[in-house]
Structures are given as structure tokens and as C-alpha cells.
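Per chain, numbering begins at 1; letters A, B, ... match sequence-line order.
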2 protein chains.
Amino acid sequence: MPYEKELAALSDPTRQAIIQRLRLGPQNVARLAEGFPISRPAISQHLKVLSDAGLLSVTPNGTRRIYALSPDRMRDLRDWMNSLWDDARGAFSRAAHDLAKEGTPNDRSD
Amino acid sequence: MPYEKELAALSDPTRQAIIQRLRLGPQNVARLAEGFPISRPAISQHLKVLSDAGLLSVTPNGTRRIYALSPDRMRDLRDWMNSLWDDARGAFSRAAHDLAKEGTPNDRSD
DNA sequence: TCTTACCGTAAGTAAAGCCTTACGAAAGAG
DNA sequence: CTCTTTCGTAAGGCTTTACTTACGGTAAGA
């Protein structure tokens, strides 16, 4: 299970919205929380999940904490998605080929 | 929130393992369940989640149901990851540039 | 120093998720 | 028709998750 934590972090709609926000640029917590219908501590908890997954980086600046997207981990995820897609294509056309020949691909009995 | 359901589907370790299994080729439910420590109905429920997310396709064959990866939706996800990564890179270097100039990117005071 | 702004964490609660067993429907063999 | 295989779904229990309010700690300004 290669990217369990990262995908779990991205699976929440609020965290996805946070990611979308940070696509425009780094932001501190208070400003980030302004656009959401939930409390600021809830945003902090989501930011912790995203940070623990390596998707965000933090830069303290005075009392503020600036959060930004971490391109490195994001690139790893993208590469994994790429390989997944390649295998999906391969398995798909192979299955289509097999089905055209005999009808059932995995017709083995142990 | 563009790919909420797809990412939620991929976030579970069991479902990730199912995906890994199907990278080798399509399989029916009973054979798929053989390699897991959980019951067959649990596998069926996971397969439903993955199918509802559009990541799998089903092909009935007698009493069996052959599950396979759906390359289309997988490609969409990959493309979204690509754009996400590009924006992350852009925001990152822009932030680095701003920090080099003044120190704080979002320095507005309400 | 005193006050204000910013933020993380703890405690508690309501909701969602994952697993199990039990059951019923559909397809094929005899 | 009867029996078996394959599979999806319903019901219930248990764990995890996401939210709230309350609180403490740190940095900057007067």
C-alpha cells in the first residue's frame, strides 16, 4: 500500500478545498479559515493531517504559520498515478484480447 | 472538490491492495477474496465503492462477475494530479521568490 | 509589563466507515 | 426440479473520523 496516508489526506472534501486554496499561493491559518464554514481549530487539524502526509510545508513567520503545497510529495503521487494508469491500460487491452479469443481470462482451477 | 469520491475510494488500504491485484489482470470476486484476511462480502463492499467511483468495470460471466480496472477514470485522476503538481511547483517557486524579496508573501493587515 | 493577535492541542460528541454473519437471487450441472 | 456455486445486500457492532468549545503558549505592539 504505497500512498495510503497521502490519499487518505486527499479524500476529505474540506482538505481538498484547502489544497485548492493553496494552489493560488501560501497562506496563514486565519486567512485560510475565513473561507470555510467550520471553526479555525478544525482547519488546524486538517492542516496537521495534510502536513503529516507530506503534502504541505510550514514556515513560521512571527505568530503566523504559512502553509504551502509541497511539490515533492505531490510529484511522487503523480508518478504513482502514472504507473497505475499504465498498468490499467495494459491489463485492459490484454483482457480485451483474451476475451476475443476464449471468453474468460482467468479460467484456471488452482 | 473534483475527485472526492475517487480519492476516498483509493484511500483504504484494502481497496489499494485490490487495485494492485487487478493490475495483473481482471479477476472474479471469489479468486480476489482468496488473498485477503477478510470475508468475501467485505470484498464485495469494497468492490462496490471502487465501482461507484468509476475506477472499476464489471463484466458478468455466468454466475461470476469479472472486475477490471477502468483506464478512463484513472487517466482523469492522473491528469488532475498533474495539474495539481504544476500549481504546487508554481506556487512554490513564486513563494520562494517573494520570500527572497520581502520575507512574507501575504502581509496584509485587514 | 499588559494587551492583543495567532495558533496548536485536549476533551467530548455525533457521524461515517469497515467488518461480520445471515439471507436471497441468478446461472449451471445432474 | 434439485443441488451447488457465485455473488450482492441487509442488519448490527465496533472503530475511526470530523467537528465543537475551552485552554495554554508564543510573538508583536503600546
Novice: Checking A:Asp52 now: which residues fulfil side chain to side chain contact (heavy atoms under 4.5 Å, CB included) with it, not counting sequence neighbours?
Specialist: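 Result, side chain to side chain contact (heavy atoms under 4.5 Å, CB included) vs A:Asp52: A:Lys48.
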Novice: Counting primed atoms plus P, OP1 and OP2 as sugar-phosphate and everything else as base, spell out the protein contacts along nucleotides 15-20 of chain C at 4.0 Å heavy-atom distance: B, S or - for each nucleotide, 5' to 3'.
Specialist: ---SBB
Novice: Rounded to whole angstroms, how far apart are CD1 on B:Ile66 and P on C:dA27?
Specialist: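 Answer to the nearest Å: 15 Å.
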Novice: Using a heavy-atom cut-off of under 4.0 Å over every strand shown, decide if B:Phe36 touches base, sugar-phosphate, or nothing.
Specialist: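 Contact class for B:Phe36: none.
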Novice: For B:Asp76, which residues count as a side chain to side chain donor-acceptor pair (under 3.5 Å) partner, sequence neighbours excluded?
Specialist: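 With sequence neighbours excluded, B:Asp76 shows a side chain to side chain donor-acceptor pair (under 3.5 Å) to no residue whatsoever.
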Novice: List the residues meeting side chain to side chain contact (heavy atoms under 4.5 Å, CB included) with A:Asn82, not counting sequence neighbours, and say none if there are none.
Specialist: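 By the side chain to side chain contact (heavy atoms under 4.5 Å, CB included) rule, A:Asn82 matches A:Arg78, A:Asp79, B:Arg78.
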Novice: Can you give the first and last nucleotides of DNA chain D, 5' to 3', that have an atom under 4.0 Å from a heavy atom of chain B?
Specialist: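 Result: D:dT6 to D:dA10.
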Novice: Apply side chain to side chain contact (heavy atoms under 4.5 Å, CB included) to A:Ala33 and list each qualifying residue two or more places apart in sequence or on a separate chain.
Specialist: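 A:Ala33 satisfies side chain to side chain contact (heavy atoms under 4.5 Å, CB included) with A:Arg40, A:Ile43 once adjacent residues are dropped.
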Novice: In chain order, what residues pass the side chain to side chain contact (heavy atoms under 4.5 Å, CB included) check against B:Ser83, with sequence neighbours excluded?
Specialist: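 For B:Ser83, the residues satisfying side chain to side chain contact (heavy atoms under 4.5 Å, CB included) (neighbours in sequence not counted) are A:Arg23, B:Trp80.
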Novice: Return whichever of A:Thr63 or B:Val58 has its heavy-atom-nearest nucleotide of DNA chain D closer to the 5' end.
Specialist: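 Nearest nucleotide further toward 5': that of B:Val58.
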Novice: What's the CG-P distance between A:Leu32 and C:dC7, to the nearest Å?
Specialist: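 Nearest whole value for this atom pair: 10 Å.
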Novice: Return each pair, listed once, that meets ring-ring contact (aromatic ring centres under 6.0 Å, His included) where at least one residue sits in residues 32-71 of chain B; pairs must be two or more places apart or across chains.
Specialist: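 Residue pairs passing ring-ring contact (aromatic ring centres under 6.0 Å, His included), neighbours aside: none found.
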Novice: Can you list the residues that meet the salt bridge (Lys or Arg N to Asp or Glu O under 4.0 Å) rule with B:Arg73, with sequence neighbours excluded?
Specialist: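 Per chain and number, B:Arg73 pairs via salt bridge (Lys or Arg N to Asp or Glu O under 4.0 Å) with B:Glu6.
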